[in-house]
Engineer: 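A single structure is presented below for examination.
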Amino acid sequence: MENASARNMWGDYLDKHLEDAFHEAPQVIHFCDNQQDADLCADLVKKGIKKATTDSLLGLQYRNEPLPKIGDFKVVTNWDGEAQCIIKLTSVKLKPYFSIDAAYAQLEGEGDKSLDYWKKVHWDYYTRELEPYGRVPRESMILICQEFERIF
């Protein structure tokens, strides 16, 4: 873990949770692809409003990132890389974009929490994410729906 604030937060967490001392170091992440949204989403997680996030399988594959799994820890940072909190994945499901429902959009906790809002901002994000690879989002694209709890 190169990020000093994330490393310090993980150390503070382990001081209180020795049972997790042998767990692999958590991934350090920020949400979104711009400062305003990244900082807002980190704040929503800290407030317990945002309880899910959704990656495109294609994006993960192009970035050569491993599939997330239940039990993974992640240190959430703001855009500037300052650790904000630690989350633990409680559910990981692969679903096509078209199958996302209002209940899941509510768990993501962004905007007005509606399915319409979720579909618009995520479609726009996946468009930007896949463009460098010469790909475009599709209704049938597979998403990695991750639910989590803020644990620290």
Side-chain angles (χ1 to χ4, degrees), residues 1-7 9-10 13 23-152:
M1 210 180 321
E2 294 127 38
N3 180 313
S5 74
R7 191 171 50 247
M9 182 175 276
W10 181 242
Y13 170 79
H23 200 282
E24 62 189 54
Q27 183 183 14
V28 179
I29 64 161
H30 64 73
F31 296 105
C32 309
D33 60 354
N34 65 80
Q35 181 166 4
Q36 181 179 347
D37 292 341
D39 293 351
L40 176 65
C41 284
D43 195 49
L44 290 172
V45 173
K46 285 195 316 193
K47 290 177 177 170
I49 297 168
K50 181 172 178 60
K51 299 175 181 178
T53 191
T54 312
D55 289 311
S56 74
L57 182 58
L58 263 181
L60 222 65
Q61 290 171 327
Y62 279 121
R63 290 188 305 274
N64 217 10
E65 293 177 19
L67 267 176
K69 59 189 181 306
I70 293 172
D72 282 355
F73 292 95
K74 296 179 188 258
V75 177
V76 176
T77 70
N78 61 16
W79 184 256
D80 293 327
E82 298 157 344
Q84 302 297 301
C85 58
I86 299 173
I87 61 174
K88 185 176 183 180
L89 297 186
T90 57
S91 171
V92 178
K93 294 180 181 159
L94 300 180
K95 294 182 175 182
Y97 177 89
F98 66 77
S99 75
I100 300 299
D101 60 21
Y104 185 78
Q106 181 93 25
L107 280 176
E108 283 242 6
E110 298 170 35
D112 65 5
K113 302 184 186 96
S114 71
L115 182 57
D116 286 343
Y117 180 89
W118 187 96
K119 287 201 166 208
K120 174 169 183 2
V121 298
H122 284 78
W123 191 267
D124 292 349
Y125 171 78
Y126 299 134
T127 299
R128 294 189 306 273
E129 176 192 40
L130 297 174
E131 186 179 36
Y133 308 107
R135 302 294 296 265
V136 294
R138 301 205 187 292
E139 287 281 328
S140 60
M141 71 181 166
I142 300 299
L143 302 179
I144 307 161
C145 300
Q146 302 157 70
E147 294 178 29
F148 56 79
E149 57 184 352
R150 181 180 53 83
I151 58 166
F152 192 77

Engineer: Side-chain donor-acceptor pair under 3.5 Å between D112 and S114, yes or no?
Structural biologist: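 Yes - a donor-acceptor pair under 3.5 Å links their side chains.
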
Engineer: Any chance the side chains of K74 and Q27 put a donor and an acceptor closer than 3.5 Å?
Structural biologist: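 There is such a pair (donor and acceptor under 3.5 Å, judged by atom type) between the side chains of K74 and Q27.
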
Engineer: Grab the two heavy atoms, one from F31 and one from A38, that are nearest each other, plus how far apart they are.
Structural biologist: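 Scanning both residues completely, I find the closest heavy atoms to be O-CB, 3.0 Å.
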
Engineer: Can a salt bridge be assigned to the pair K69 and D72 using a cut-off of 4.0 Å between side-chain N and carboxylate O?
Structural biologist: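 Yes, this pair counts.
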
Engineer: Going by heavy atoms in the side chains, are E108 and L44 under 4.5 Å from each other?
Structural biologist: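 No, side chains not in contact.
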
Engineer: Are side-chain heavy atoms of I87 and V45 found at a separation under 4.5 Å?
Structural biologist: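 SC-SC contact between I87 and V45 confirmed.
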
Engineer: How long is the span from the NZ atom in K93 to the OG atom in S99, to the nearest 0.5 Å?
Structural biologist: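 Rounded to the nearest 0.5 Å, the NZ-OG separation comes to 10.5 Å.
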
Engineer: How long is the gap from NZ on K120 to CG on L115, to the nearest 0.5 Å?
Structural biologist: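 If I round to the nearest 0.5 Å, the distance is 14.0 Å.
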
Engineer: In Å and rounded to the nearest 0.5 Å, what is the OG1 to CE distance from T77 to M9?
Structural biologist: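 One gets 10.0 Å once the value is rounded to the nearest 0.5 Å.
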
Engineer: Under 3.5 Å, which donor-acceptor pairs link side chains of residues 133-149 to any protein atom two or more places apart or in another chain?
Structural biologist:
from : atom 1 : to   : atom 2 : distance (Å)
R135 : NH1    : Y62  : OH     : 2.9
Q146 : NE2    : D55  : OD2    : 2.8
Q146 : NE2    : I144 : O      : 3.4

Engineer: Distance check, rounded to the nearest 0.5 Å: N78 atom CG versus L40 atom CG?
Structural biologist: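 Taking CG in N78 and CG in L40, the distance rounds to 12.0 Å.
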
Engineer: Any non-hydrogen side-chain atom of I151 less than 4.5 Å from a side-chain atom of F73?
Structural biologist: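 Side chain of I151 against side chain of F73, heavy atoms only: contact under 4.5 Å found.
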
Engineer: Quick check: closest heavy atoms across S56 and E129, and the distance to 0.1 Å?
Structural biologist: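 Scanning both residues, the minimum pair turns out to be OG-OE1, 2.7 Å.
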
Engineer: Tell me, do Q84 and R150 make a side-chain contact under 4.5 Å, heavy atoms counted?
Structural biologist: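 A side-chain contact is absent here, since even the closest heavy-atom pair is not under 4.5 Å.
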
Engineer: Do V75 and S5 have side chains that get closer than 4.5 Å, going by heavy atoms?
Structural biologist: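 Side chain of V75 against side chain of S5, heavy atoms only: no contact under 4.5 Å found.
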
Engineer: Under a 4.5 Å cut-off applied to non-hydrogen side-chain atoms, are D33 and R128 in contact?
Structural biologist: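 Of all side-chain heavy-atom pairs linking R128 with D33, at least one is under 4.5 Å.
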
Engineer: Go through I49 and K113 one step at a time and tell me if the side-chain contact (heavy atoms from CB on, under 4.5 Å) criterion holds.
Structural biologist: CA-CA 10 Å; I49 297 168; K113 302 184 186 96; 3.7 Å; yes

Engineer: Without swapping roles, check the side chain of K50 against the backbone of A52 for a donor-acceptor pair under 3.5 Å.
Structural biologist: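 Here the side-chain-to-backbone pair exists.
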
Engineer: If the test is side-chain hydrogen bond (donor to acceptor under 3.5 Å, both in side chains), which one of Y104, Y126, Y97 qualifies with T54?
Structural biologist: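 Checked Y104, Y126, Y97 against T54; only one passes side-chain hydrogen bond (donor to acceptor under 3.5 Å, both in side chains): Y104.
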
Engineer: Is the shortest side-chain heavy-atom distance between I29 and V76 below 4.5 Å?
Structural biologist: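 In contact.
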
Engineer: Rounded to the nearest 0.5 Å, what separates atom CH2 in W79 from atom CG in D37?
Structural biologist: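 These two atoms lie 9.5 Å from each other.
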
Engineer: Nearest 0.5 angstrom please: H122 NE2 to Y125 OH, how far?
Structural biologist: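 Nearest 0.5 Å value for the NE2-OH distance: 9.0 Å.
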
Engineer: Going through the checks in order, is the side-chain contact (heavy atoms from CB on, under 4.5 Å) test met by L67 and L57?
Structural biologist: CA-CA 8 Å; L67 267 176; L57 182 58; 3.9 Å; yes

